[in-house]
Every structure is written in C-alpha cells, then in structure tokens.
Visitor: 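If you scroll down you'll find the structure; I have some questions about it.
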Amino acid sequence: QLAQLTIEQRVIIRVPMAKKGGAPARIIPEARRVWKERKGPRCVALKSIRSAAVLVENGVDLMLADNHRYRARLERGCNSMGFYSGFYVEPDDDGSLCSGRDQLQARSGLSCGIDSIRRLVKAEQDED
C-alpha cells in the first residue's frame, strides 16, 4: 500500500500599529514637515521591526528596535489607509522585508507591493 503525505508550513508575521495615547495611527498632513525621506536600504530585517504607523497616503512607517525609522513606499495605486489596523508579511528565507519583492497584507484582504524603502530623519536634524 502506497501513500503520500504533504506537509506545508506557512509563517505569517503580524506587525502591530503604533498607538499614541491609545488612539490608532492615522494620516496627518504635517507628517511631511516632521519627517524627511532619505535614501534607504533595499531590505529591512523583519525581526527588527517593532511597530508601524500610517502617516502618509502611499506609505507605511516602520519603527525598528534600534529607534531607526523607515518608510515603506507602496506601489502605485495602493492607499496606506487599508493598513490602519496593522498588516501581515510572509517572510522570505532571508528574514528580510524587501522592496521590489515583498507585499504587505492587510486584514481586509488588501495586498500592496513595496515599491521602495526610505530612511526617515527628523526635519530639524536634517538642517544641521
């Protein structure tokens, strides 16, 4: 008697949204004045991401364990408001979240690819 058994394993990482004073993160018009985007890496280690925030219409800000902040710019046509309650990521073998390869998946079913990852610096630091 022959039998075949296939076992599939799927790992999904949930990234929670940062909450300030108990209120959910939301798009704020002054975000562009507070944070300046600079050239960023192609990939960010998933294990270093602690939380996220939606502050602009086409990106999700990622807060890392080392207090660095990056913005995952979403592909054209994706609105970041769909990720207001957090998102999921299916990790690749390298354990990184990369632009041009990975997608953010909202609980609503929305899925958007990452177009680029930008490093964020406070606007007043940029003027030094």
Side-chain angles (χ1 to χ4, degrees):
Q1 186 177 15
L2 297 174
Q4 182 176 353
L5 176 64
T6 303
I7 299 174
E8 292 185 25
Q9 182 178 7
R10 185 175 182 192
V11 176
I12 298 177
I13 297 173
R14 181 178 185 278
V15 177
M17 298 308 277
K19 294 188 179 192
K20 190 172 186 174
R26 65 189 188 293
I27 293 175
I28 54 172
E30 59 273 4
R32 293 189 194 276
R33 290 191 301 269
V34 175
W35 298 101
K36 298 288 183 185
E37 293 185 15
R38 296 291 172 248
K39 184 178 179 178
R42 182 176 176 273
C43 300
V44 174
L46 278 169
K47 67 181 179 183
S48 67
I49 300 173
R50 294 295 174 249
S51 63
V54 175
L55 301 177
V56 295
E57 289 182 16
N58 63 341
V60 176
D61 290 7
L62 307 171
M63 280 65 88
L64 278 53
D66 62 2
N67 291 326
H68 284 93
R69 191 175 185 130
Y70 293 94
R71 180 166 289 152
R73 284 284 181 186
L74 303 177
E75 62 191 5
R76 184 175 286 182
C78 279
N79 189 321
S80 59
M81 278 308 294
F83 300 99
Y84 70 93
S85 63
F87 59 88
Y88 299 97
V89 176
E90 287 191 53
D92 201 67
D93 292 337
D94 64 3
S96 296
L97 179 68
C98 296
S99 61
R101 180 187 76 186
D102 295 319
Q103 294 190 343
L104 304 183
Q105 300 169 4
R107 294 175 64 183
S108 65
L110 174 68
S111 184
C112 290
I114 300 172
D115 187 51
S116 65
I117 298 176
R118 308 286 291 170
R119 183 175 57 93
L120 296 177
V121 295
K122 289 216 175 207
E124 63 268 9
Q125 290 177 347
D126 189 47
E127 297 168 2
D128 293 339

Visitor: If two hydrophobic side chains count as joined below 4.5 Å and joins carry through other members, does M63 share a cluster with L104?
Guide: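 No; L104 is not reachable from M63 via cluster members.
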Visitor: Rounded to the nearest 0.5 Å, what separation is found between the SG atom of C78 and the CZ atom of R73?
Guide: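 It is 13.0 Å, given to the nearest 0.5 Å.
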Visitor: Search all heavy atoms of G82 against all heavy atoms of S108 and return the closest pair with its distance.
Guide: O-OG, 4.4 Å
Visitor: Residues two or more places apart in sequence or in another chain: which of them pass side chain to side chain contact (heavy atoms under 4.5 Å, CB included) with S111?
Guide: Q103, Q105
Visitor: Can you see which heavy atom on Y88 is nearest to which on R107, and at what distance?
Guide: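 Heavy atoms only, the tightest pair is CE1-CG, 3.4 Å.
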Visitor: Which pairs pass side chain to side chain donor-acceptor pair (under 3.5 Å) with one or both residues in residues 92-101, sequence neighbours excluded?
Guide: D92-R101, D94-R101
Visitor: For residues 45-54, tabulate all N or O donor-acceptor pairs below 3.5 Å that involve a side-chain atom, not counting sequence neighbours.
Guide:
from	atom 1	to	atom 2	distance (Å)
S48	OG	A45	O	2.7
R50	NH1	K47	O	2.7

Visitor: Could you work out, with side chain to side chain donor-acceptor pair (under 3.5 Å) as the rule, every residue matching D115, not counting sequence neighbours?
Guide: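 Once residues adjacent in sequence are excluded, D115 has no partner under the side chain to side chain donor-acceptor pair (under 3.5 Å) criterion.
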Visitor: Compare every heavy atom of F87 with every heavy atom of L62, then report the nearest pair and how far apart it is.
Guide: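 Smallest interatomic distance, heavy atoms only, reads CD2-CZ, 3.8 Å.
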Visitor: Tell me every residue that passes salt bridge (Lys or Arg N to Asp or Glu O under 4.0 Å) with R69, counting only those two or more places apart in sequence or in another chain.
Guide: D61
Visitor: Could you check whether atom CG of N67 has more than 12 heavy atoms from other residues, nucleotides or ligands sitting under 6.0 Å from it?
Guide: no
Visitor: Find the distance between CZ (R118) and NZ (K39) and round it off to the nearest 0.5 Å.
Guide: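 NZ of K39 is found 9.0 Å from CZ of R118.
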Visitor: Is there side-chain contact between K122 and W35, with at least one heavy-atom pair below 4.5 Å?
Guide: yes
Visitor: Of the non-hydrogen atoms in P91 and V89, which two are nearest, and what is the gap between them?
Guide: CD-O, 3.3 Å
Visitor: As an exercise, state the distance from OG of S80 to CZ of R71, rounded to the nearest 0.5 Å.
Guide: 9.0 Å
Visitor: Of all residues at least two apart in sequence or in a different chain, which pass the salt bridge (Lys or Arg N to Asp or Glu O under 4.0 Å) check with D102?
Guide: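 With neighbours one apart ignored, the set is empty.
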Visitor: What distance separates R42 CZ from C98 SG, expressed to the nearest 0.5 Å?
Guide: 5.0 Å
Visitor: Within a strict 4.5 Å, meaning less than it, do heavy atoms of the I114 and V60 side chains meet?
Guide: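 Counting from C-beta outward, I114 and V60 never come under 4.5 Å.
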